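By convention in this document, chain letters (A, B, ...) are assigned in the order of the sequence lines, proteins followed by strands, and residues within each chain are numbered from 1. Since we're looking at a predicted model, the values are computed, not measured.
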Amino acid sequence: MRRPKRERFLDGMLHWVGLGATLFGLLVLTVLLVDVSLDGLPRLSWDFLTSYPSRRPEQAGILSALVGSLWLLSLTALIAFPLGVGAAIYLEEYAGRTKWSRWVEINVANLAAVPSIIYGLLGLEIFVRALFAVTNGRSVLSGALTMSLLVLPVIVLASREAIHSVPNSVREAAYALGGTRWQVVRDHVLPLAFPGILTGTILALSRAIGETAPLITIGALTYIAFLPPLSLEGLRTPFTVLPIQIFNWISRPQKGFHVNAAAGILVLLAVLFLMNATAIYLRYRSQRRLEL
Amino acid sequence: MHVRVEDVPRRVAVRRRRWGEKLLEGCLAVCASVAVLTTAGIVAVLIFETAAFFRVVSIWEFLTDTQWTPLFVEKHFGILPLATGTLLTTGIALSVALPVGILAAIYLSEYCPEGLRRALKPALEVLAGIPTVVYGYFALLFVTPLLRQFIPSIAGLNALSAGLVMGVMIIPTIASLSDDALYVVPRSLREAAYALGASRRQVVLGVVVPAARSGILSALLLGISRAIGETMIVAIAAGMNPRLTLNPLVPIETMTAYIVQVSLGDTPTGSIEFRTIFAVGFALFLATLVFNVFSYAYARRFRETYR
Amino acid sequence: MNLATQGTPVGEPYVVEPSEPVAVEVQALSVWYRSFQALADVSFSIPRHRITAVIGPSGCGKSTFIRCLNRMNDLIPEFRMTGDIRLEGARIYEMDPTEVRRRVGMVFQKPNPFPKSIWENIAWGLRINGRRHDLAESVERALRRAALWDEVKDKLHMPATSLSGGQQQRLCIARVLAVEPEVLLLDEPTSSLDPIATARIEDLLIELKDRYTIVIVTHNIQQAARISDYAAFFYLGRLIEFQKTEDLFTRPRCSMTEAYITGRFG
């Protein structure tokens, strides 16, 4: 009986090769993080966070990029969250299985897979050029509108899933008491789905904060030496964001800027980590509450 | 029938409420239609600008010319160099992500203890959450110098390191979705095979993977679409030199990188150079759309098989 | 289960007209889910302030039937119906569905309290129906009517899910009673409860029938015999027999009814 022995060997092979494949990705991730940390950690300082960009790498900082990212993030959240949740409510609670709702569904699924740079082309043509009067061209508002369209499908998908997981018995009970559709959604479905919606939205926004390509396309600048005023007019000012600043520094030949890029990456990753940790914490807390 | 007095004001309230309900439903429908409008907007913008482009450049030249030099004095508008650039980096990425992703999926769903799976899967998905500009940094300043140790002739900007890093980036897309597909293959199917005396490997490769093939294919197609549309890694590490080659060691330019290149410059809007990015964008959109549509179709077919 | 194996042809249903005033009148009701016909040509009158039991083997259309009475079926996209249902003479499918559901309350098979406090469970129905004054009084009255007040009065702000199954079901009844419906529909309300909790709910229903018209779906024949005044026997989507419970159980007119109540199938 030679076969079983050979088979046991092959089975073991597949097991170990599979484990190796799984760990390969994690290994690369570790190497990446170590490499960036080694390059960037010594450069991190309070000055780096609070300085404007400069031609001299050792004086340059990420203040305007960091503030720009936060502006963009808040604006995108303000625009995309209500739109996404509204669309999800409509698809789950109102539309039923009509042709129209299937069409919207396919659209959302496809949009989630459209390359981000295509959204940049859309933003350039619509928000920067056609709506120039409103957005003042290459402004933070144009950027946020573009980003909102980019993250919208992700928010819709996550919110739908959260709404879908609300047990039907709750809806039935509420309708049977004479609740209108909106009363049922507002008082019962949304409160139960909210943690899931929030988690999904934060994850979607964390995608937005790392995006570079569409913002380059709509023309975010790399050299911004001022902060936008906290007003409606501030929405119409030019902007930059962390990933663009990092990209700019990477493309310079001097080693000093590469170090700056690594330090900027660390800041970007820290922001991302915070957002993801919040999302995971919210998910964990809502799971515990459902189990109680 | 008895009418109670308190019912009368209620009727008025009901009528007013029904109005509010209709209004709200309308608002929600508008939210939902944004998705459709976005798609329509993308298609309209791309078609509009591309049509303007093709009024100057013939489709024939666009598809067959072997040079892409719209920013030079002597202009050529052949998309082939950009297309081969995209093909090259995508191919390299897939040669990493395909085997690694599917093997990882097999391990996660068939060999891995459940507790470990719950830890490993999100950890792997972190890879998909790393901003692409970070991968670009890694490709340019870590992987390329590393490769130079083994291939001294490799250029500072090249398709190989960009493709390899892009491959790592799409591992979780392929691994996670394939794992989902393998995981839902019914227990009864596995048990039937085990009952015939098959080893785990024989069950996995002979029964489970074939049973999940449309799900895995869907994951794969989505991975390809990601690779085609990926921008920053190739813009940073693969170069901005459109050339018709499949040599992975020299600088090239992908379709996405070209759009970045033009966007970084100060090309006047409305010029032919400006319109090239929409023509290239249109080609990019169509390419990814094909893969997305097939991916979606296979995913649906898979869901319908095991519900 | 198949008509052919029973060897009993489907004849004309035996339906009596109740001697009491009628609360709900059902005429030629047929229901489809997509192409599947769930109910066929059901006609009978439900007497006011009595308990009417709807019995029959599973899948006979009992639940579908009572879900028509408060238009809960409207929420199912594939639902389609013909025929007429009148509540105190008014066609319910021409009324506002929320209005119908307020006047025709419903309790479900599994207790489904909102995952909120006991208080909120009762108060929500009151609030959406525009009764914000005397909320505390109305909540107490509803809980008393459902014979739950003494058990929960000290923990009104505890989550409703902390109650036992039987208490949860009585809370669901209280929640319906709070909005003061005319008709109370119960879809196998005790099927997930133990015998003691079941007995409490049965006692409660008998107490409530002075004020409400009650329609209860049950697959428990003894339960129907214990508490109902009238009984309707459904089989394969048709109404086979409707008459006083006493008569239905002692002198069934249709052989199929007899087979069912003597436990020969179902």
Side-chain angles (χ1 to χ4, degrees), chain A residues 88-106 160-199 282-292, chain C residues 34 63 66-67 69-79 95-116 120-131 142 159-162 168 171-181 184-187:
Chain A
I89 293 173
Y90 183 78
L91 291 174
E92 283 294 320
E93 302 289 328
Y94 285 81
R97 304 255 94 218
T98 57
K99 267 212 178 101
W100 166 245
S101 73
R102 296 253 325 134
W103 178 234
V104 174
E105 223 167 89
I106 292 175
R160 282 193 70 174
E161 205 172 302
I163 291 173
H164 198 78
S165 69
V166 172
N168 229 347
S169 64
V170 171
R171 288 187 190 87
E172 283 196 325
Y175 279 121
L177 288 171
T180 61
R181 223 169 257 274
W182 175 242
Q183 285 168 336
V184 174
V185 169
R186 181 194 62 198
D187 295 342
H188 298 289
V189 177
L190 275 187
L192 288 175
F194 196 69
I197 292 177
L198 210 56
T199 306
L282 284 172
R283 181 182 294 168
Y284 167 78
R285 218 182 57 171
S286 71
Q287 265 169 3
R288 279 224 359 217
R289 209 175 47 189
L290 282 182
E291 278 161 17
L292 279 180
Chain C
R34 206 166 279 150
S63 289
I66 68 162
R67 285 167 154 268
L69 300 185
N70 69 340
R71 297 191 56 175
M72 279 306 272
N73 279 330
D74 292 21
L75 303 171
I76 299 168
E78 293 88 13
F79 167 76
M95 291 158 69
D96 183 87
T98 62
E99 174 81 9
V100 175
R101 293 181 198 136
R102 191 188 65 91
R103 291 174 60 186
V104 183
M106 184 161 199
V107 175
F108 297 84
Q109 194 167 358
K110 259 186 75 187
N112 56 352
F114 299 127
K116 299 183 175 191
E120 269 303 313
N121 261 279
I122 312 271
W124 187 74
L126 291 167
R127 241 184 261 130
I128 60 156
N129 284 298
R131 281 198 272 135
T161 42
S162 66
Q168 286 188 16
L171 178 66
C172 292
I173 295 176
R175 181 171 71 183
V176 173
L177 298 183
V179 298
E180 296 187 358
L184 183 56
L185 307 175
L186 301 106
D187 188 357

Check chain A and chain C for donor-acceptor pairs under 3.5 Å and report each one on its own line.
{"unit_1": "A:Ser169", "atom_1": "O", "unit_2": "C:Asn112", "atom_2": "ND2", "d": "3.0"}
{"unit_1": "A:Glu172", "atom_1": "OE1", "unit_2": "C:Arg67", "atom_2": "NH2", "d": "3.3"}
{"unit_1": "A:Glu172", "atom_1": "OE2", "unit_2": "C:Arg67", "atom_2": "NH1", "d": "3.3"}
{"unit_1": "A:Glu172", "atom_1": "OE2", "unit_2": "C:Arg67", "atom_2": "NH2", "d": "2.2"}
{"unit_1": "A:Asp187", "atom_1": "O", "unit_2": "C:Lys116", "atom_2": "NZ", "d": "2.6"}
{"unit_1": "A:Asp187", "atom_1": "OD2", "unit_2": "C:Trp124", "atom_2": "NE1", "d": "2.4"}

Exercise for the section: Tell me, out of C:Pro115, C:Pro97, C:Pro113, who's got the most heavy-atom pairs with chain A below 4.5 Å. Expected result: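 Max contact count across the listed options: C:Pro115.
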Practice task
Would you give the length of the straight line joining atom CG of A:Leu177 to atom CZ of C:Phe114, rounded to the nearest 0.5 angstrom?
Solution key: 5.0 Å
Practice task
Would you mind checking which part of C:Val104 comes under 4.5 Å of any heavy atom in chain A, side chain (CB onward), backbone (N, CA, C, O), both or neither?
Solution key: backbone
